[in-house]
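One structure is given here, and the rest of the page talks about it.
Basis for what follows: all heavy atoms, side chains included, without hydrogens, waters or symmetry-related copies. A, B, ... follow the sequence lines: proteins, then strands. Residue 1 opens every chain.
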Amino acid sequence: MSITDTKPQLKGQNVATVNIFRYDPSTTDEAHYDSWQVPITGSMTVLDLLFYILEHEDGSLAFRYACREAICGSCALYVNGTYRLACKTQLKDLKATEINISPLPHLKVIKDLVVDMDPFWEKYERIRPYLITRDDLPEKEFLQDPADRLKMDDMVDCILCGACYSSCPQCWTDPEYLGPAALVKMNRFTVDTRDQANQERTKIFDNEHGVWRCHTIFNCVEACPKDINQTYSIQHLKRRAVARRFGGK
Amino acid sequence: MPSMYHQVLIVGGGLAALRAAIEAKDAGLGVAVFTRVHPVRSHSVAAQGGVNGALANAEKGADDTIEKHAFDTVKGSDFLADQPAAITMTADAPKRIIEMEHWGCPFSRTSDGKIAQRPFGGAGYPRTCYAADKTGHALLHTMYEQAVKRNIKVYEEWTVLSLVVENGVCRGVIALDLRDGDIHPIGADAVIFGTGGTGRVYGRSTNSIIVTGSGMAIAYQAGVPLKDLEFIQFHPTSLFGNNVLITEAARGEGGYLRNVNGDRFMEKYAPKAMELGPRDIVARSIQTEINEGRGFPGGYVALDLTHLGAQKILERLPAIRDISINFVGIDPIEKPIPIQPGQHYTMGGIDTDVDGATTLKGFYAAGECACVSVHGANRLGGNSLLETIVFGQRAGAHASQYVKGNGRGRPSEDLLFDKLHEVRGRWERLRAADGPEDPAAIRDEMKATMIEKVGIFRDAQKMTDAVETVKRLQDRYQKVHVNYRGRRFNLDLLRTFELGMKLQLAEVIARGALDRKESRGSHARTDYKDRDDANWLKHTMAHHTPGGPRFDYKPVEITKWQPEARRY
Amino acid sequence: MSSRRHLSELRGNSDLYPRNVRTGMYAWLFHRITGLALVFYIILHIFVIASVNFGGGSFDATMRLLTSKPFVLIDLTLVAVVLYHSLNGLRIIFFDLGYGIKNQRGIFWALMAVGTVIFVFAAVASSRLLFRA
Amino acid sequence: MSVRDQGQPAWLVGPGGAMAWLLQRLSGFILIILLATHLLLLHYGGDQQLVFASVTIRLKTLLFIIIDTGLLALGLYHGLNGLRNVVLDYDLSRRAGSVLTTVLWIVGIFMTIYGATALYSFWAGRGVFGG
């Protein structure tokens, strides 16, 4: 049955204590955690758990969801001290009887588990996140060697969930820092053989709020639910910026 | 507060909606996108296998043509597709796919650098262009990038509740801002819906939880007929347990379907095409195996990829591997994946022509919410992504033309606010609803009823039951309660509101299916096993009336290929 | 929208600072702390050495103080700090050259092992000062 | 407000940072070598006591002068640029950033000259302050 079909029965089930961050800035100044005892079934995910609470315990709970298969990037949350996608995190893999669910840290809370992603999208937009071509377009597709396509493989997997942005100490302290996701996107275009705007792109990331704020802390890599290596991309951009200083392309 | 106004108002944030927005923006019009979730969260992102187009890039497909693609589409549709529409779509296909490539879509490549193409079900040639098994993700992100490039205004987490109609012309929408719970009237010269299908009316759906069909229901309520809604596609391979999609590409790349005895049972049902039969046939075959006791305990069969080898799986099907490791703990490199058929796609939808225009002037639809009809009774894998980019573009272009020729400018405040008061009244009544019925229980029963009784195999008895059950559920829905009455991000209220629309659609689906006394494509009746071209080669049109749907029928446009028996 | 208001608006969020600090972040934190310590040390060091300009007596007095037992221990701490900062600095340079990014943890611990060995040598050498007559 | 204009903001371009970053790495790497030499020779090599006499002798050797000058200049550069990096992490305005950079350069140059007077005075054969 689909995700919302089952209402687990308490009898004979394992029970977990669930603590969920609650905050509605439109009605209260104080945030708090609410606790529930929830019956859990074998393959129940954190998202199932949230739906269970929404439907059977507290209709006021707010959270984001869409695809429930780890591709849309809606449900990145901070679960038991780790960044996770709620939909692909099974409770049994948490290996804990107490489950703490918080919104992505360091982002403004709109309500409960829903955070304001605007700063994240703003950085995304800044890097000119689209292919820029100057020459006339070919009649058919651009030809691209499979090996060149492979260079983008890691970066095009990004689902823009915001976990890396939320985990990066530089993003906490410097609101102008582009952040891992935007820089990964940037690198995706700089390595794309079809893109012809490397000169402009360098100007966007080669400055003190750009790549140079990355201190290879690897929090983003630890947080990424899609196993993307953001640091790899950022380091690539750094080398490109230096090469450019010495007349490279 | 005065109303908002945009020349072209797009509802939805998926591929079709964004493509339409881009087209209208490029035509120089004021465009805004209203979307329930951020555009990249839309369900298009979950499409996996690929997008069809007769590019003839693959070695084995060198003599592929647009016409062959059109024929495969029509044959796949069990001849219910309108043939001019299918020809239009397949003719536009190469243009649109190349355009996506020029916009930066990271397609997988052939060794000589062209867009790679793989075989897909029901197609005579490898013509499905792909980006590993994340094609929807690659396309949607590229499309959103283009929207960002064009500085298209996006209203995120706004959901449209109703259309505003004046003298048979669509003049705008009434929309809810989920973040503060306010309802706003928004005027527009043209409204384009790209709101997606209605998968979540069914249990065992592969669709996103946000695929509620509310766009279809809103159009339906505004008097636009819904076409062929009884044709619901069941995808042969969805993960056993939670019905996450396992792409057809798994079979396109050479995967086998096996029953509990280890037999490749498809040789009984489609001896030539085997696992690459069209979806309706493969889904029925799997269900037959399960029903006749040759499935695994619990009711599933195995999708065996182990013989493909680790390299091919890692290169071509990495997301499938992740999904099966994440959700059922099985690595397809080592063990077969447990799969069962699951609801996947709504072939029917808002009745439109090839330009996305509907019977309501100024109102357009494209993508899964629309029914042009190119999919007829059964959609081929890889044609849905194609539909979004082709008809998204066409709807955008035609709507722009319409606005330039007939634009009436800002609608009167009276009109908008009258409608606003009506919708807000409904909304507020529901917000205060305090009846005995639990919306979640109603929804669960609806989903279970639909999958069991209007599912893969249908008969009069089951469908009569389903219609009655849905009617009863609609009555119960009148006495529903909501648990939370706050304004900000009230999911409980929104989901309950959407449930009302889902129940309407469920009724249209079940009644349309009950009336159609034949088996065609995905609509397989055990009491009418054969296709009946004499009586039923026609589109079902459902019109909204206060007492439920009123049905009439519209002929299928057959211009090139006469219906023939479907063998694979 | 102002991103600068976030921190104060977030006060209610008890998970403001992640508890799952992992290798990479520890490495960075200590790199930063040792770095700051060394900046102040180098300035101090310059002033001390420059004191030779004020004549031998003053310098020898300072040196006697600095080679006394407590200061040898402080000196060893300094060695540890310099070692950490150098080795982790090397690790960062590896990443900058594009090497080992995917094995950052392994590299960290390997370099720490190297650091420990060097430190033991340094400690043995210093012990002569500690245990001299 | 949940409506976001997807505009292209006038991005604050520059100042670069590539050279500062590169020099930080280069200086760091050279420092490791110099420091190893410095420590080995000064503290762990031989059985010398650190007294005024031995220091003055060594400071008259060209090699030591070069090493120590390198340590002095690069160490200050590396350290103060590191300090600048730490401060820049905390959302500095561009103006404050350039003021900071200027101040650190002044401090660095002053310290280098001050340290150098000590080093070179011995090489020249006498203390600057008549020691």
Can you say whether the rings of Phe142(A) and His102(B) are parallel (under 30°), tilted (30 to 60°) or perpendicular (over 60°)?
perpendicular

Checking Arg149(A) side chain against Pro106(B) main chain: does a donor-acceptor pair fall under 3.5 Å?
yes

Give, as side chain, backbone, both or neither, the part of Arg487(B) having an atom under 4.5 angstrom from any heavy atom of chain A.
neither

Contacting region of Asp112(B) [heavy-atom separation from chain A under 4.5 Å]
backbone

Does any non-hydrogen side-chain atom of Trp121(A) lie less than 4.5 Å from one of His38(B)?
yes

Nearest 0.5 Å, what's the CD1-CD distance between Ile246(B) and Glu69(A)?
8.5 Å

Is there a donor-acceptor pair under 3.5 Å between the side chain of Arg41(B) and the backbone N or O of Cys72(A)?
yes

Engaged part of Lys185(A) at the chain B interface, taking heavy atoms whose separation is under 4.5 Å:
side chain

Taking the side chain as every heavy atom from C-beta outward, state whether Lys134(B) and Val156(A) have any pair of such atoms under 4.5 Å apart.
no

By side-chain contact (heavy atoms from CB on, under 4.5 Å), which residues pair with Val211(B), not counting sequence neighbours?
His43(B), Asn207(B), Ser208(B)

Contact part of Lys114(B) toward chain A, heavy-atom cut-off under 4.5 Å: side chain, backbone, both or neither?
both

Relative to chain B, which segment of Phe63(A) carries a heavy atom at a distance below 4.5 Å: side chain, backbone, both, or neither?
both

At a 4.5 Å cut-off on heavy atoms, which part of Ile115(B) comes close to chain A: side chain, backbone, both, or neither?
both

How long is the gap from CZ on Phe489(B) to CG on Leu61(A), to the nearest 0.5 Å?
10.5 Å

Close side-chain approach of Arg109(B) to Asp145(A), heavy-atom, < 4.5 Å:
no

Report which part of Asp157(A) has an atom under 4.5 Å of a heavy atom belonging to chain B: side chain, backbone, both, or neither.
both

Taking C-beta and beyond as the side chain, do Arg488(B) and Ile110(A) meet within less than 4.5 Å on heavy atoms?
yes

Segment of Gln90(A) engaging chain B (4.5 angstrom heavy-atom cut-off):
side chain

